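To keep things clear, I will list the structure first and then write my remarks on it.
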Amino acid sequence: MWAPEEEMVKEWESEQECMKQRLVLQDTEAWQKEPDFRGLERVGGVDLSFIKGDDHNACAQLVILNYPELQVVYDVSEMVFLTSPYVSGFLAFREVPPLLQLLHTLQREQPELMPQVMFVDGNGLFHYREFGLACHLGVLSDLPCVGVAKNLLQVQGVAKNDEHMSQISAMSKAGDTFPLVTDSGKILGQALRSSDRSTKPVYVSVGHRISLDTAVRLTHSCCRYRVPEPTRQADLRSREYLRRYFPSSS
DNA sequence: GCGACAG
DNA sequence: ATCTTGTCGC
């Protein structure tokens with residue numbers, strides 16, 4: 001393809017700017033204000049897994065877990081064909097369409113299972129233009145969303161420097177956090193030590209219809225291992241699906 | 001040339 | 001995202 005990426009990225013930037021106006025960065029649900037999240041019964045997770053040499057065909061996964069037990073009560077795997085390339089800062093344009101499709105199918109076939117909050121693999125507000133995957137999916141689905149990234153995106157002055165490494169070392173137990181502060185002093189997310197056994201933190205940021213404090217508290221309460229259980233199950237199951245139906249990829 | 005580059 | 005098993009430690 002000859003021209004596009006540069007032009008496409010410009011369009012994508014304005015789309016993000018437009019959708020940003022619909023973002024809600026505060027708690028909107030009653031359960032979010034409860035100390036033990038009383039009233040929260042279903043949390044969702046989504047993920048995409050790929051076949052090694054193929055960046056178009058992927059397995060899209062949606063799982064619903066009950067809360068606080070965190071047992072899977074619904075899961076769907078579906079092969080999808082991705083048309084957009086992965087461009088850092090624009091992950092949502094590649095992954096959101098199939099994820100929305102899974103949510104729409106759920107709405108049509110088992111609306112009573114619709115999750116009350118979604119966990120997303122990647123960032124929300126902690127993003128170059130403060131509109132990452134979790135914001136994008138949140139706005140288009142109008143569901144509360146939390147972004148949890150496994151790797152630090154270096155944005156707006158936040159970097160993996162000595163200070164950052166030092167703060168990581170200072171987190172001694174599960175639940176410990178430190179803020180991700182931009183060069184302009186804005187807190188766009190929190191690094192969280194999600195389990196006692198993992199030294200490497202996860203990076204939590206607001207997606208939609210939830211406050212940062214609630215997002216961090218909820219993420220901590222959904223972690224049995226380093227990655228929040230909804231996202232972890234989505235990842236495990238989508239990869240299992242590929243192993244089963246495309247043995248060539250394993 | 002070196003480092004960054006969510007997934 | 002994916003390429004990759006066993007292995008060291010508790």
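None of these values were measured; they are calculated from a predicted model. Chain A is the first sequence line, chain B the second, and so forth, proteins listed ahead of strands; every chain is numbered from 1.
In this structure, Y86(A) and S88(A) have side chains that are in contact, with non-hydrogen atoms separated by less than 4.5 Å. Within the 4.5 Å cutoff, the side chain of N66(A) has no heavy atoms near those of the V43(A) side chain. Looking at L133(A) and N123(A), their side chains never come closer than 4.5 Å, going by heavy atoms from C-beta outward. Within the 4.5 Å cutoff, no side-chain heavy atoms of Y67(A) are placed close to those of V117(A). The side-chain heavy atoms of W31(A) and R38(A), taken from C-beta on, include no pair separated by under 4.5 Å.
The distance from atom OH of Y203(A) to atom P of dG7(B) is 11 Å, rounded to the nearest whole Å. Between the CD1 atom of I51(A) and the P atom of dT2(C) there is a distance of 11 Å, given to the nearest Å. Rounded to a whole Å, the CG atom of L242(A) is 16 Å from the P atom of dT4(C). As a whole-Å value, the separation of F50(A) CZ from dC3(C) P is 12 Å. Distance, F126(A) CZ to dG7(B) P: 12 Å, rounded to whole Å. What separates NE2 of H136(A) from P of dG7(B) is a distance of 17 Å, to the nearest Å. Rounded to an integer number of Å, the gap from CZ of R94(A) to C1' of dC5(B) is 14 Å. Between the CZ atom of F246(A) and the C1' atom of dT2(C) there is a distance of 16 Å, given to the nearest Å.
In this structure, D235(A) pairs ionically with R239(A), as a charged nitrogen and a carboxylate oxygen lie closer than 4.0 Å. For the pair E29(A) and R209(A), the salt-bridge criterion is met [side-chain N within less than 4.0 Å of a carboxylate O].
Checking dA6(B), dG7(B), dT2(C) against the side-chain heavy atoms of D121(A) singles out dG7(B) as nearest. The side chain of R239(A) lies closest to dT2(C), out of dA6(B), dG7(B), dT2(C).
A heavy-atom distance below 4.0 Å to DNA chain B is reached by these residues of residues 140-159 of chain A, ordered by number: A149(A), K150(A), N151(A), L152(A), L153(A), Q154(A). Remark: Y86(A), S88(A), G89(A), F90(A), L91(A) in residues 78-92 of chain A come within less than 4.0 Å of DNA chain B through at least one heavy atom.
Using a 4.0 Å heavy-atom distance criterion, R197(A) is classed as making no nucleic acid contact. At the heavy-atom level, N123(A) lies under 4.0 Å from base atoms of the strands shown.
Pairing analysis of DNA chain B (Watson-Crick: purine N1 to pyrimidine N3 plus N6-O4 or O6-N4; G-U wobble: N1-O2 and O6-N3; both under 3.5 Å) yields no stem of 3 or more pairs.
Counting only N and O atoms by type, the side chains of T214(A) and S211(A) include a donor and acceptor under 3.5 Å apart. There is no side-chain donor-acceptor pair under 3.5 Å between R237(A) and Q61(A). Of the N and O atoms on the side chains of S49(A) and Y241(A), not one donor lies less than 3.5 Å from an acceptor on the other residue. Under the 3.5 Å distance criterion, with hydrogens and angles disregarded, no donor-acceptor pair is assigned to the side chains of T231(A) and D121(A).
When the C1' atom is used for both dC5(B) and dT2(C), the distance is 15 Å, rounded to whole Å. Of the C1' atoms belonging to dT4(C) and dG3(B), the separation is 25 Å, rounded to the nearest Å.
Shown here are the side-chain contact (heavy atoms from CB on, under 4.5 Å) partners of T199(A), two or more places apart in sequence or in another chain: there are none.
Annotation: ring pair (Phe, Tyr, Trp, His ring centres under 6.0 Å) contacts involving residues 198-228 of chain A, sequence neighbours excluded, comprise H164(A)-Y203(A).
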Anything under 3.5 Å between a protein N or O and an N or O of nucleotides 1-3 of chain B, put it in a table, one pair a line.
none

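Here the two rings, on F50(A) and H56(A), have centers that are 6.0 Å apart or farther.
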